[in-house]
Amino acid sequence: MAQAMIRGFVQSDLVPAKNFIVSATSESSKNFKICQDIGARCTTSNAEVAKAASIVFIAVKPHLVRPVLAECEFSDDALLISVATRVKLVALTEASRTRRVIRALPNTATRLCQGVAIYTYNKGQLTVVEQASVELLMDSLGSGRYVPESLLQPMSAVSACGMAYMYMGIEAMADGGVKAGIPRA
């Protein structure tokens, strides 16, 4: 998902690739190489990213969120945006030791700036300018929408998983056509 979002931000001309700093598990990892190819600066240190970035995206599997955040110390003005599913705002706030926390659940079409990026945050914790920045970031990926945290998972099921199943059906129909002799365009 991090790759899709970076590509979306770059394609939308909102953020140049050189402004990203990305952490991956190793220099030989697929994510490291892909992000380098995009033009992002890459490292294997989560702490380095947290120190260097004013907006930090956490794009790891849910069980890795706490260990990754334990490695990081964020500046007072840093925004933390997590795309890890099922990790609530309260848990993110506690683990990150910062109050400026956003949960976002974009779908993969964000890579093409045609996706849906739903997000939530505790409104009292972000300034109006920070809220506008989050809205601008999410809108640049296609269509960004703030929702209360209680609606984040159900909306994700409709905007992300539902679309994935639809595309699988379309792909299966196309594969069937090719198997029947129709050339792939």
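Sequential numbering from 1 along the given sequence is applied to the chain's residues. Source: prediction; values computed, not measured.
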Nearest 0.5 angstrom please: [X] [atom1] to [Y] [atom2], how far?
X      : Y      : atom1 : atom2 : value
Glu27  : Thr43  : CD    : OG1   : 8.0 Å
Glu135 : Ile102 : CD    : CD1   : 12.5 Å
Gln131 : Arg100 : CD    : CZ    : 11.5 Å
Ile58  : Ser96  : CD1   : OG    : 8.5 Å

For [X], all residues meeting side chain to side chain contact (heavy atoms under 4.5 Å, CB included), sequence neighbours excluded:
X      : result
Ala52  : Ile21, Arg41
Glu94  : Arg66
Ile182 : none
Leu136 : Leu14

How close do [X] and [Y] get, heavy atom to heavy atom, and via which atoms?
X      : Y     : value
Cys35  : Val22 : SG-CG1, 3.8 Å
Asn46  : Ser23 : OD1-OG, 2.7 Å
Glu130 : Asp77 : OE2-O, 4.5 Å
Ile38  : Gln3  : CD1-O, 4.3 Å

### Message
One pair to check against salt bridge (Lys or Arg N to Asp or Glu O under 4.0 Å): Arg184 and Asp175. What are the steps and the verdict?
### Response
CA-CA 8 Å; Arg184 199 175 289 273; Asp175 290 345; 2.6 Å; yes
ILVMFWY cluster, [X] and [Y] together (side-chain gap under 4.5 Å):
X      : Y      : result
Leu137 : Ile6   : yes
Phe9   : Ile81  : yes
Phe20  : Met138 : yes
Phe74  : Val83  : no
Val101 : Leu105 : no

### Task
Report yes or no: does Asn107 contribute a side-chain atom to a donor-acceptor pair with the main-chain N or O of Val116 at less than 3.5 Å?
yes
### Query
Is there a donor-acceptor contact under 3.5 Å from the side chain of Arg97 to the main chain of Cys72?
yes
### Task
Indicate whether the side chain of Ser28 and that of Ser26 have a donor and an acceptor atom separated by less than 3.5 Å.
yes
### Message
Ignoring hydrogens and geometry beyond distance, is a side-chain donor-acceptor pair present between Asn31 and Ser29 at under 3.5 Å?
### Response
no
### Query
Can you name the side chain to side chain donor-acceptor pair (under 3.5 Å) partners of Asp37, sequence neighbours left out?
none
Only pairs under 3.5 Å count here: list side-chain donor-acceptor contacts from residues 141-152, not counting sequence neighbours, and write none if there are none.
from	atom 1	to	atom 2	distance (Å)
Tyr146	OH	Tyr121	O	3.4
Glu149	OE2	Leu89	N	2.8
Glu149	OE2	Arg103	NH1	2.8

### Message
Could you go through Val60 and Val65, starting from their C-alpha distance and side-chain angles, then the distance that decides it, and tell me whether this counts as side-chain contact (heavy atoms from CB on, under 4.5 Å)?
### Response
CA-CA 6 Å; Val60 297; Val65 170; 3.9 Å; yes
### Message
Taking atom CD as the centre, does Glu71 end up with more than 12 heavy-atom neighbours from other residues, nucleotides or ligands that are less than 6.0 angstrom away?
### Response
yes
